Amino acid sequence: MRRMMGGEQRIAAWAARQRGKALHVGTYEAAVHNMLRRIRDQADQRSQFYLYWDRLKSFVVVREGWLVDPGNFVGDVVHDEVCPPDVDVARYLNYHEDPGGLSLALGRNAIASVQRIAVPLPDTRRDDGCVRDAIAALEGASDTAVPATGKPALRMRPPSARAVLGRPLGASLADRLPVNLRNQFRSAAVFAEREDPERWARRTSGLFDLIDDPTSMLAALDQQDPREV
């Protein structure tokens, strides 16, 4: 590791740069938007996501006004570049998650405590009739590839009847969401080949509830014991 990075001095410089990066704290909408974006753009369909509630220390100093999104092409922000001396927090106009909303760039010492829950919630819509109907329909469809016509050299492996059925189920939920989240939700709700119907239905419904019923999510988050930082 030391040899690959160029020795102790370069490792120390790299570690200092990492510690100097600001933390991004956004709105609930920004958190959900970022999750859907990662599922669509970074193949994180199988990743476990968490929703955090950060409480800042009472004596933090917030920079006056707000900035245009200061992140570089990977979203990094150097804390000292946006916060003058003795300033802990800078507000900025978010261009990437919940575009148009204000997010915070802050130092690690500004956070007093953190609450966290895994999302989607595991018991979301467990007894919902729509979920049961979707599971029954998917389980009743074949997971065998549907025969296709065409030249063998140009023909890709056809989807199964179950995968074909799963697409409109996810799309129908997407059409009930705000327009700026529909495409990302459709990508997150894609039914993959050989996927378990019950797992897909509950997870997709749970993702939908994150947007459709934020009050329940925030209530569940508020019930968690704060962890001091």
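Please read all numbers here as calculations on a predicted model, not as lab measurements.
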For [X] versus [Y], what's the shortest heavy-atom pair and its separation?
{"X": "Leu51", "Y": "Leu221", "answer": "O-CD1, 3.5 Å"}
{"X": "Ala22", "Y": "Ala105", "answer": "CB-CB, 3.9 Å"}
{"X": "Pro214", "Y": "Tyr28", "answer": "CB-CE2, 3.5 Å"}
{"X": "Pro226", "Y": "Gln115", "answer": "CA-CG, 3.7 Å"}
{"X": "Pro197", "Y": "Ile135", "answer": "O-CG1, 4.1 Å"}
{"X": "Ala112", "Y": "Lys57", "answer": "CB-CG, 3.7 Å"}

Separation between [atom1] of [X] and [atom2] of [Y], rounded to the nearest 0.5 Å:
{"X": "Asp98", "Y": "Ser103", "atom1": "CG", "atom2": "OG", "result": "7.0 Å"}
{"X": "Leu56", "Y": "Leu106", "atom1": "CG", "atom2": "CG", "result": "6.0 Å"}
{"X": "Leu207", "Y": "Asp212", "atom1": "CG", "atom2": "CG", "result": "12.5 Å"}
{"X": "Leu138", "Y": "Ser160", "atom1": "CG", "atom2": "OG", "result": "9.5 Å"}
{"X": "Lys21", "Y": "Asp80", "atom1": "NZ", "atom2": "CG", "result": "14.0 Å"}

Check whether [X] and [Y] end up in the same hydrophobic cluster, where Ile, Leu, Val, Met, Phe, Trp and Tyr are linked by side-chain heavy atoms less than 4.5 Å apart.
{"X": "Val25", "Y": "Val77", "result": "no"}
{"X": "Val60", "Y": "Tyr52", "result": "yes"}
{"X": "Leu102", "Y": "Val62", "result": "no"}
{"X": "Val89", "Y": "Val82", "result": "no"}

Which is it for Ile117 and Tyr50 under the side-chain contact (heavy atoms from CB on, under 4.5 Å) test, yes or no, and what are the steps along the way? CA-CA 6 Å; Ile117 57 171; Tyr50 297 90; over 6 Å; no

Could you list the donor-acceptor pairs under 3.5 angstrom formed between side-chain atoms of residues 31-44 and any protein atom two or more places apart in sequence or on another chain?
residue	atom	partner	partner atom	Å
His33	ND1	His96	O	3.4
Asn34	OD1	Arg37	NH2	2.6
Arg37	NE	Glu97	OE2	3.3
Arg37	NH2	Glu97	OE2	2.8
Arg38	NE	Asp44	OD2	3.0
Arg38	NH2	Asp44	OD2	3.0
Asp44	OD1	Ser47	OG	3.0

For the residue pair [X] and [Y], establish whether any side-chain heavy-atom pair is separated by less than 4.5 Å.
{"X": "Pro178", "Y": "Ile211", "answer": "yes"}
{"X": "Leu210", "Y": "Val119", "answer": "yes"}
{"X": "Leu104", "Y": "His24", "answer": "no"}
{"X": "Asn109", "Y": "Asp88", "answer": "no"}
{"X": "Trp53", "Y": "Gln224", "answer": "no"}
{"X": "Val229", "Y": "Ile111", "answer": "yes"}
{"X": "Trp200", "Y": "Leu169", "answer": "yes"}
{"X": "Val164", "Y": "Phe191", "answer": "no"}

Could you check whether Tyr92 and Trp66 have their ring centres less than 6.0 Å apart? no

One pair to check against salt bridge (Lys or Arg N to Asp or Glu O under 4.0 Å): Asp222 and Arg55. What are the steps and the verdict? CA-CA 11 Å; Asp222 194 40; Arg55 297 181 186 276; 3.5 Å; yes

Side-chain donor-acceptor pair under 3.5 Å between Asp175 and Ser172, yes or no? no

Please evaluate residues Leu121 and Met217 with respect to the criterion side-chain contact (heavy atoms from CB on, under 4.5 Å), reporting the C-alpha separation (whole Å), side-chain torsions for both, the decisive distance (0.1 Å), and the verdict. CA-CA 8 Å; Leu121 296 179; Met217 306 301 154; 3.5 Å; yes

CD (Gln48) with more than 12 external heavy atoms under 6.0 Å: yes

Salt-bridge test for Asp209 and Arg203: reply yes if a basic N is under 4.0 Å from a carboxylate O, no otherwise. no

Please determine if Glu198 and Arg202 form a salt bridge, counting it only when a charged side-chain N lies under 4.0 Å from a carboxylate O. yes

For Asn94 and Asp69, run side-chain contact (heavy atoms from CB on, under 4.5 Å): C-alpha distance rounded to whole Å, both residues' side-chain angles, the deciding distance at 0.1 Å, then the answer. CA-CA 5 Å; Asn94 199 321; Asp69 194 327; 3.9 Å; yes

For Val61 and Asp86: C-alpha separation, side-chain torsions, deciding distance, then whether side-chain contact (heavy atoms from CB on, under 4.5 Å) applies. CA-CA 7 Å; Val61 178; Asp86 301 322; 6.0 Å; no

